[in-house]
Amino acid sequence: MSDNSMDKPQGDGLTGHGCIQSYLRLLDGSPGVYRMLDAQARVLYVGKARNLKARVSNYARPSGHSARIARMIRETASMMFLTTRTEAEALLLEQNLIKQLKPRYNVLLRDDKSFPNILVSKAHDFPQIKKHRGAKKEKGAYYGPFASAGAVNRTLNQLQKVFLLRNCSDATFESRTRPCLLYQIKRCAAPCVGYVSRQDYSALVGDAERFLQGKSTNVQEELAAQMMAASEAMEFERAAALRDRIRALTQVQSAQGINPRGVAEADVVGLHLDGGQACVQVFFIRANQNWGNHDYYPRTGGTQSPAEILRSFLVQFYDGKQAPRQLILSHDVDDKELLAEVLTEAAGRKVEILVPQRGEKAELVAGAVRNAREALARKMSESATQAKLLAGLAEAFELQAPPTRIEVYDNSHIQGTNAVGAMIVAGAEGFLKSQYRKFNIKGEDLTPGDDFGMMKEVLTRRFKRLLKEDPDRQSESWPDLLLIDGGAGQVSAVAEIMAELGVEDVPFIGVAKGVDRDAGKEEFYRPGQRPFALRHNDPVLYFTQRLRDEAHRFAIGTHRAKRAKAISATPLDDVPGVGATRKRALLSHFGSAKAVSRANLADLKAVDGISAGLAQKIYDFFNERG
């Protein structure tokens with residue numbers, strides 16, 4: 001890839017068609033990516049081309065463009081170019097730049113989280129079955145993706161009933177002396193206390209994996225044969241247990257919903273457009289089973305072409321994710337062959353892109369489109385309500401315009417310990433949970449419980465970062481309203497902080513519990529003005545309560561997680577060279593961290609996996625400290 005960036009010639013002063021025309025003599029037929037910028041050097045659009053000169057010459061034509069493209073051309077004051085070796089490279093680079101720069105006229109996927117999988121861990125003699133999200137570093141077999149944590153949890157719940165696999169951590173497994181409640185309610189075979197042999201447990205693991213691979217019919221037939229054999233041998237208790245497992249397996253199969261016979265592994269993608277807004281519904285089909293669905297609302301950039309929207313969505317959606325063997329789409333896409341080539345190369349096996357017209361696949365697509373249409377209707381209804389609330393908020397707080405990004409701050413601690421700050425974000429689309437942030441309070445000179453000091457640290461860190469990353473305020477990361485949990489004192493402190501940072505044009509409101517600290521009697525504080533209240537039944541009042549309660553919920557949850565981590569920490573966490581595996585070995589051998597700290601060198605050397613050198617380090621660590 002080569003950087004052939006070209007700034008507009010100084011003093012030219014051209015915009016629109018004339019500006020674009022001035023670049024044509026500098027371009028050749030190479031593949032690459034182009035950027036269109038406005039007079040303030042803000043990126044308007046990022047596009048890719050098989051032939052840069054041919055593509056850019058299209059924009060230089062004075063007519064024949066859609067209203068959206070014509071508007072974009074009029075705003076263009078300069079362009080930048082990057083040439084690539086292949087069109088596939090250009091496609092990937094285009095989408096990376098779109099994610100990074102978020103241009104106004106591009107399709108942008110705003111919800112790009114990873115999806116959970118089921119992991120059958122293979123690092124232990126008695127494998128654990130559990131939910132997994134993120135990089136697949138742990139040894140074991142991964143099954144997924146599932147559309148949501150809820151879909152994984154429901155499947156795990158049913159799998160435990162059928163296959164009786166443990167879900168406890170290795171450390172818990174090693175420390176058990178009697179079976180837990182899951183054994184009592186027939187959700188686990190209790191391998192921790194030897195109630196099932198390693199061989200029999202391995203058979204259960206094998207059955208579970210075959211089910212997750214779509215071979216549930218074989219598993220059911222084998223269980224039925226075992227039940228009959230147990231019954232004929234008058235092993236009625238075993239026969240009853242097998243009967244219960246068969247029933248649970250039947251429930252799993254019926255709970256999966258749509259289970260296509262002719263589609264083993266695919267993502268079914270349905271798009272619905274309405275009023276310039278889009279909803280994309282993705283159904284995850286794995287092992288001939290429906291593993292849930294998820295809806296997305298990409299920003300269309302004014303694009304009305306389903307082909308362009310879907311193509312941009314798919315490239316961004318599968319960036320960092322492995323595509324399944326088939327993508328079954330509701331609409332054809334731009335550059336279908338090129339997209340299939342890129343996804344095939346990333347997956348290391350063939351990926352097909354299909355747009356079915358009849359049969360089972362077409363029925364699956366119709367279901368996805370129906371869900372997309374219904375989800376978008378709900379979303380648009382909610383958005384209309386949210387727009388009214390934001391307009392009401394602007395009127396109540398005398399803002400210049402309805403806010404597009406509200407940041408709400410809160411702190412949580414217990415007598416100053418495990419203190420955290422929390423920021424939640426809301427806008428026209430409701431709560432933007434991917435934008436939430438937590439702040440571990442670091443100030444060592446803070447008095448325990450100093451809420452003013454904590455708020456100062458949080459806001460200072462937040463706005464220093466914003467000023468560093470986006471001093472010109474071109475991104476959507478800058479808030480246009482801050483809500484602070486507190487009254488006059490808190491508002492004065494915030495005013496001082498913002499003045500120190502030189503950010504005095506972002507309005508902020510303090511929300512304080514009113515008389516008797518009752519919800520509904522909140523008072524609102526603004527710098528230099530008298531506090532005021534809203535009518536008891538005012539929708540804006542309920543809206544601010546929801547915002548404050550959400551910030552409080554997030555702050556409390558973050559604080560509890562930090563406190564739980566601190567409680568579970570042991571002195572072994574600080575010993576150099578002692579990771580999770582060796583920590584488990586030491587705790588299993590000695591029973592507690594305190595016993596490890598008191599152990600002599602010979603006893604430490606006797607622990608499985610602890611070398612003589614590491615034993616010496618552990619011994620020196622505790623004895624030097626003592």
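Starting from 1, each residue takes its place in the sequence as its number. These numbers come from a predicted model, not from an experiment.
Salt-bridge formation is not detected for the pair R35/E94: no Lys NZ or Arg NE/NH1/NH2 atom is positioned less than 4.0 Å from an Asp or Glu carboxylate oxygen. Between R553 and E550 a salt bridge is recorded (basic side-chain N to carboxylate O distance below 4.0 Å). The pair E308-R68 counts as a salt bridge, with a side-chain nitrogen and a carboxylate oxygen less than 4.0 angstrom apart.
Take Q100 and apply the side-chain contact (heavy atoms from CB on, under 4.5 Å) test, not counting sequence neighbours, and it matches L97. Taking R465 as the reference, E469 meet the salt bridge (charged side-chain N to carboxylate O under 4.0 Å, His left out) condition, with sequence neighbours excluded. Scanning for ring-ring contact (aromatic ring centres under 6.0 Å, His included) contacts around Y297 gives an empty result, with sequence neighbours left out. Residues forming a side-chain hydrogen bond (donor to acceptor under 3.5 Å, both in side chains) with T172 (at least two apart in sequence, or on another chain): S169. Evaluation of the side-chain hydrogen bond (donor to acceptor under 3.5 Å, both in side chains) rule for D485 yields no partner, not counting sequence neighbours. Every salt bridge (charged side-chain N to carboxylate O under 4.0 Å, His left out) that R462 has, sequence neighbours left out, goes to E407. For E429, the salt bridge (charged side-chain N to carboxylate O under 4.0 Å, His left out) partners are R110, not counting sequence neighbours. Partners of D538 under the side-chain hydrogen bond (donor to acceptor under 3.5 Å, both in side chains) rule, at least two apart in sequence or in another chain, do not exist in this structure. Under the salt bridge (charged side-chain N to carboxylate O under 4.0 Å, His left out) criterion, K438 pairs with no residue, sequence neighbours left out. Partners of Q128 according to the side-chain hydrogen bond (donor to acceptor under 3.5 Å, both in side chains) rule, which considers only residues two or more places apart in sequence or in another chain, do not exist here.
Judged by the 6.0 Å distance and 45° axis criteria, K617 is not positioned over the aromatic ring of F621.
Within a 6.0 Å radius of NZ in K379, other residues, nucleotides and ligands contribute more than 12 heavy atoms. Within a 6.0 Å sphere centred on CD of Q322, other residues, nucleotides and ligands contribute more than 12 heavy atoms.
Sequence neighbours left out, not one pair with a member in residues 381-391 passes salt bridge (Lys or Arg N to Asp or Glu O under 4.0 Å).
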Pair V596, L604 - check side-chain contact (heavy atoms from CB on, under 4.5 Å), show working. CA-CA 8 Å; V596 176; L604 289 169; 4.2 Å; yes
Side-chain donor-acceptor contacts of residues 492-507 below 3.5 Å, not counting sequence neighbours, with atom names and distances?
| unit_1 | atom_1 | unit_2 | atom_2 | d |
| --- | --- | --- | --- | --- |
| S492 | OG | A488 | O | 3.1 |
| D505 | OD1 | R473 | NH1 | 3.0 |
| D505 | OD1 | R473 | NH2 | 3.1 |
| D505 | OD2 | R473 | NH1 | 2.9 |

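The main-chain N or O of L119 is never found under 3.5 Å from a side-chain atom of N117 such that the two would form a donor-acceptor pair.
Residues D410 and F554 have side chains not in contact (no heavy-atom distance under 4.5 Å, counting atoms from C-beta outward).
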